[in-house]
Amino acid sequence: MKIKNYIFLLIAVVHLGCILGLGHLYFLPGSAILYHCILVVLLYLQSFLVLAWIHQFVLNQKVSRFLIKSMGIGIGLFYSLIYLGNFVSLREWGEYFSLDVIRIIATDVGDVFNSYVFESFLSMGFIFIISLVLFSLPHQGLQNKLRSFNLWIANLSIPAVIKQGIFLLSLLMMPFILTKKNKIRKFLKLKGEPVYNFLSPMTLSFDNPNLNVEDRSNIEEYLVSVKSMQPSKKPNIILLICDAMRPDRLSLNGYSRETTPFLESMSQNNSFKNFPDARSNCSTSFCGILSILSGTDIFELSHANLKIQDILSELDYQNHFILSGSHNDWYQLKRAYSFHSELQTYHDGSMNETRTVNDDQALLDELEQLNFDEAQAQFFYFHLMSPHLLGTRKSEFRKYLPDEPFNPLSPDSIVYNNNYDNGILQTDFFLGQLYETLDKKGLLDEYIFVVTSDHGEALGERNRFGHGGYVYEENLKIPLVMWSSDSLGLNDQIPVSHTDIAHFLLDQLGLESPSFWSYDLDENPNYSYHRQNHQYGVIEQFNDEQFKLIYNKKKQQYLLYNLKLDPIEVNDLSQLSTHETTLKRLQGKLLKAFGL
């Protein structure tokens, strides 16, 4: 076998190795791997036909070699982006890499480079270069194959017009199938094929975008009933979600470093409630945010869920979403925000004119110039990115040093933790500034203020940094504090989750929550459900006991923890006969909830 054929074989091995590696690391279904291999072969055939058609008219060998090399480099760049991008995206966010992510990064390249050390980009660049060299090598072998293929076509006893027609038809076949055939597009999308998910707009991996007749009827019936339940008081409601903020890093909660002076000052308010045992439903933003807004368990999440802003809209509230980060591009969250009702204000980081996508200063800019009807109650959702690794950091909040950019290839726990604590300090500053601005605008005469997070953050536990991929406590534990101009009447010493926040707000208005929302705090035992990628979790609170079962579908493994005695999840109890009954009971709960 000549060396050029070895190169073709090596390229095939690279493809297979990359997709199998992604499949092994991130539990891609076997069907996704199979369909990816089929699609790669079809796309290579398509590329070969394009070159063959061009080769009929290009007789100059240098031009031919240039075209083949250019296409090889393009293919190398394309697949390198897909494989490397999915490695990061599936690891950090639990979803596929797409063109939308590239666009987001391109609009905020400064923050990305400030967040990661140069060596990270150097390593990725080195992999890119190797890929490009590899894919550009076999030009001579391809030239010979193109020559032989065109000679074979020329010898066919078919009229030239028909030959060219077949050529053009075959060239248009793949683009037509991938862009026009909805059944094929949906099939590839739902099966998790990486190439199609790269080209296709992002959507939630668990989402059912359609409402069935029963769901629609339930929502319409509830909204009609809401109009007849006009509350006597309609306070302004301010919801602030601080991306990736952990409760144990707030000095409000006893952390040794001063990180939350504003929240501590607010804790003197008689209505102040601080829930020490609050959790997210997952460890990424899209499901965390939607669970908060919709009061719905993760296994029932959809763009189409009825959300708190839809109910408030029926009560003549004006809804304002002022957000850091690119929510419009990121999993099409804007579609979920306004699925049932219009927003009076929508501004996310991708719309910033003078600031970066993840700069929380833009929230103040937008709030300062916002006009609203003073006769109506207002609902605000602010999303802050300061705690997040990609949040735009201000130099005046670099209190804890060293805090250099993160190196994912050789993570430094001290640096990462300092950087994180500085982000919390900056978050607290912006919380204070938003509170002050709202007060100046006369919006805090009657109000409810809620501060929480969409998920937690690993800070070195289990040798992991960041979020996504797991449902361990460091990924799920979140702060939840509330205060208002009136008494809240809430018990903040009970375990709560994302799904309870919307219920709390409706309760403060004297409204009953929709019967199809998730709520069981009044039950004993009560359960919360959690999922991220291949990990599923259920937590049972019964009297003073709290057990958590994690199911790792990738490893077919159960882990059982007593969170009261083992809050950092070190001692697995699943193999102990003394906990067999608890294990089987929680296995049944997971099976029923997720259909495992």
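The chain is numbered in sequence order, starting from 1. Keep in mind that this is a model prediction, so the values were computed, not measured.
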Trainee: Over 60° means perpendicular and under 30° means parallel, so classify the ring planes of F594 and F299, tilted if in between.
Mentor: perpendicular
Trainee: If you define the side chain from C-beta out and look only at heavy atoms, does anything of E512 sit under 4.5 Å from D507?
Mentor: no
Trainee: Given 3.5 Å as the limit, does a donor-acceptor pair link the side chain of E461 with the main chain of L459, or not?
Mentor: yes
Trainee: Could you pull out the closest heavy-atom pair between N358 and L390, with the gap in Å?
Mentor: ND2-O, 3.3 Å
Trainee: Dump the intermediate steps for side chain to side chain contact (heavy atoms under 4.5 Å, CB included) on L333 and D348, then the final yes or no.
Mentor: CA-CA 11 Å; L333 276 169; D348 73 18; over 6 Å; no
Trainee: Give me the atom names and distance for the closest heavy-atom approach of N491 to Q493.
Mentor: OD1-N, 3.0 Å
Trainee: Using a distance-only test with no angle check, is there a side-chain donor-acceptor pair under 3.5 angstrom linking S285 and D454?
Mentor: yes
Trainee: Carefully, step by step, assess R393 and D403 under the rule salt bridge (charged side-chain N to carboxylate O under 4.0 Å, His left out).
Mentor: CA-CA 11 Å; R393 299 290 169 83; D403 67 339; over 6 Å; no
Trainee: Does H455 offer a backbone N or O that forms a donor-acceptor pair with the side chain of S280 under 3.5 Å?
Mentor: no
Trainee: Report yes if some heavy atom in the side chain of L364 is under 4.5 Å from a heavy atom in the side chain of L434; otherwise report no.
Mentor: yes
Trainee: Taking C-beta and beyond as the side chain, do E473 and I539 meet within less than 4.5 Å on heavy atoms?
Mentor: yes
Trainee: Please round to the nearest 0.5 Å and tell me the distance separating atom CD of E457 and atom OH of Y416.
Mentor: 3.5 Å
Trainee: Any chance you could measure L250, atom CG, to S267, atom OG, to the nearest 0.5 Å?
Mentor: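 Result: 11.5 Å between the selected atoms.
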Trainee: Do I289 and H327 come within less than 4.5 Å of each other through their side chains, counting heavy atoms only?
Mentor: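 Yes. Closest side-chain heavy atoms under 4.5 Å.
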Trainee: Indicate yes or no for a side-chain donor-acceptor contact from Q309 to the backbone of Y337 under 3.5 Å, with no hydrogens or angles considered.
Mentor: yes
Trainee: Within a reach of under 6.0 Å around CD of E221, are more than 12 heavy atoms found that belong to other residues, nucleotides or ligands?
Mentor: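 For E221, atom CD is not crowded (no more than 12 foreign heavy atoms under 6.0 Å).
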Trainee: Is it the case that the side chains of S271 and N269 hold a donor-acceptor pair, with the cut-off being a distance below 3.5 Å and no angle test?
Mentor: yes
Trainee: Check whether N236 reaches the backbone of Q378 with its side chain - one donor and one acceptor, N or O, closer than 3.5 Å.
Mentor: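 Between the backbone of Q378 and the side chain of N236 there is a qualifying donor-acceptor contact (under 3.5 Å).
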Trainee: Can you tell if the side chain of Q508 reaches within under 4.5 Å of the side chain of S484, non-hydrogen atoms only?
Mentor: no
Trainee: Quick check: do L586 and K548 have side-chain heavy atoms less than 4.5 Å from each other?
Mentor: no
Trainee: Which atom pair, heavy atoms only, marks the closest approach of E474 to E569?
Mentor: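 Nearest pair, atom of E474 first, then E569: OE1-OE1, 4.3 Å.
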Trainee: When you check the side-chain N and O atoms of T345 and H347, is any donor under 3.5 Å from an acceptor?
Mentor: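 There is no such pair (donor and acceptor under 3.5 Å, judged by atom type) between the side chains of T345 and H347.
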Trainee: Residues in ring-ring contact (aromatic ring centres under 6.0 Å, His included) with Y317, at least two apart?
Mentor: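 With neighbours one apart ignored, the set is empty.
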Trainee: Can you establish whether the number of heavy atoms outside D373 located under 6.0 Å from its atom CG is more than 12?
Mentor: yes
Trainee: Hey, could you give me the NE2/CG distance between H320 and L343, rounded to the nearest 0.5 Å?
Mentor: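 Between atom NE2 of H320 and atom CG of L343 there are 9.5 Å.
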Trainee: More than 12 heavy atoms of other residues, nucleotides or ligands under 6.0 Å from CG of N371: yes or no?
Mentor: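 No, CG of N371 has 12 or fewer neighbouring heavy atoms, counting only those of other groups under 6.0 Å.
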Trainee: Does D360 use its side chain to pair, donor to acceptor, with the backbone of L384 at less than 3.5 Å?
Mentor: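 No: the side chain of D360 does not pair with the backbone of L384.
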Trainee: Ignoring hydrogens and angles, state whether a donor on the side chain of R246 or N253 is under 3.5 Å from an acceptor on the partner side chain.
Mentor: no
Trainee: Under a 4.5 Å cut-off applied to non-hydrogen side-chain atoms, are P514 and N218 in contact?
Mentor: no
Trainee: Indicate the ring-plane relationship of W517 and H503, choosing parallel, tilted or perpendicular according to the 30° and 60° boundaries.
Mentor: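 Aromatic pair W517/H503 classed perpendicular.
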Trainee: Can you label the angle between the F382 ring and the F380 ring as parallel, tilted or perpendicular, going by 30° and 60°?
Mentor: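 The arrangement is parallel - the two ring planes meet at less than 30°.
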Trainee: Using 0.5 Å steps for rounding, measure from the CG atom of L438 to the CD1 atom of I238.
Mentor: 5.5 Å
Trainee: Side chains of residues 445-452: which donor-acceptor partners sit under 3.5 Å, not counting sequence neighbours?
Mentor:
from, atom 1, to, atom 2, distance (Å)
Y447, OH, Y435, OH, 3.2
Y447, OH, W483, NE1, 3.4
T452, OG1, P479, O, 2.8

Trainee: Side chains of T499 and N281: donor-acceptor distance under 3.5 Å anywhere?
Mentor: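 N281 and T499 do not have a side-chain donor-acceptor pair below 3.5 Å.
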Trainee: Any disulfide (SG to SG under 2.5 Å) pairs touching residues 224-278, not counting sequence neighbours?
Mentor: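 Listed by first then second residue: nothing to list.
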Trainee: In sequence, state the C-alpha distance, the side-chain angles, and the governing distance for K589 and E540, and then conclude on salt bridge (charged side-chain N to carboxylate O under 4.0 Å, His left out).
Mentor: CA-CA 10 Å; K589 289 290 182 180; E540 177 187 74; over 6 Å; no
Trainee: Looking at every non-hydrogen atom in both residues, tell me the closest pair between G456 and I478 and how far apart they are.
Mentor: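 Nearest pair, atom of G456 first, then I478: N-CG2, 4.1 Å.
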Trainee: Taking all atoms of both residues into account, what is the closest heavy-atom pair of P387 and I424, and its distance?
Mentor: CB-CD1, 3.9 Å
Trainee: When rounded to the nearest 0.5 angstrom, what is the spacing between NE2 in H498 and OG1 in T296?
Mentor: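 Output value for this atom pair is 13.0 Å.
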Trainee: So which heavy atom on T284 is nearest to which on C282, and how close?
Mentor: O-SG, 3.3 Å
Trainee: If we ignore hydrogens and angles and just use 3.5 Å, is the side chain of N305 paired with the main-chain N or O of S294 as donor and acceptor?
Mentor: no
Trainee: Any donor-acceptor pair under 3.5 Å linking the side chain of N418 with the backbone of L401?
Mentor: yes
Trainee: Judged by atom type as modelled, is there a donor-acceptor pair below 3.5 Å linking the side chain of N422 to the main-chain atoms of K399?
Mentor: yes
Trainee: Please answer whether the main-chain N or O of F542 pairs with a side-chain N or O of N526 as donor and acceptor at a distance below 3.5 Å.
Mentor: no
Trainee: Quick check: are there more than 12 heavy atoms from other residues, nucleotides or ligands sitting under 6.0 Å from CD of E396?
Mentor: yes
Trainee: To the nearest 0.5 Å, what is the distance between CZ on F516 and CD on E300?
Mentor: 10.5 Å
Trainee: Give the C-alpha distance, both sets of side-chain angles, the deciding distance and a yes or no for side chain to side chain contact (heavy atoms under 4.5 Å, CB included) between S386 and F430.
Mentor: CA-CA 9 Å; S386 288; F430 281 118; 3.8 Å; yes
Trainee: Taking the side chain from N533 and the backbone from Q535, do they hold a donor-acceptor pair closer than 3.5 Å?
Mentor: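 Not at all, since once roles are kept as given, no pair shorter than 3.5 Å links the two residues.
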Trainee: The test is side chain to side chain contact (heavy atoms under 4.5 Å, CB included); show your working for V538 and Y551 and say whether it passes.
Mentor: CA-CA 9 Å; V538 58; Y551 175 56; over 6 Å; no
Trainee: Report yes if the side chains of K394 and F429 come closer than 4.5 Å at any heavy-atom pair, otherwise no.
Mentor: no
Trainee: Establish, for the pair R462 and Y470, whether the NZ or CZ atom is under 6.0 angstrom from the six-membered ring centre and no further than 45 degrees off its axis.
Mentor: no
Trainee: Can the positive tip of R257 be found less than 6.0 Å from the middle of the six-membered ring of Y400, inside 45° of the ring normal?
Mentor: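 Flagged: R257 positioned over aromatic ring of Y400.
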Trainee: Show the numbers, then the answer: is there a side chain to side chain contact (heavy atoms under 4.5 Å, CB included) between N475 and Q532?
Mentor: CA-CA 10 Å; N475 297 107; Q532 194 63 54; over 6 Å; no
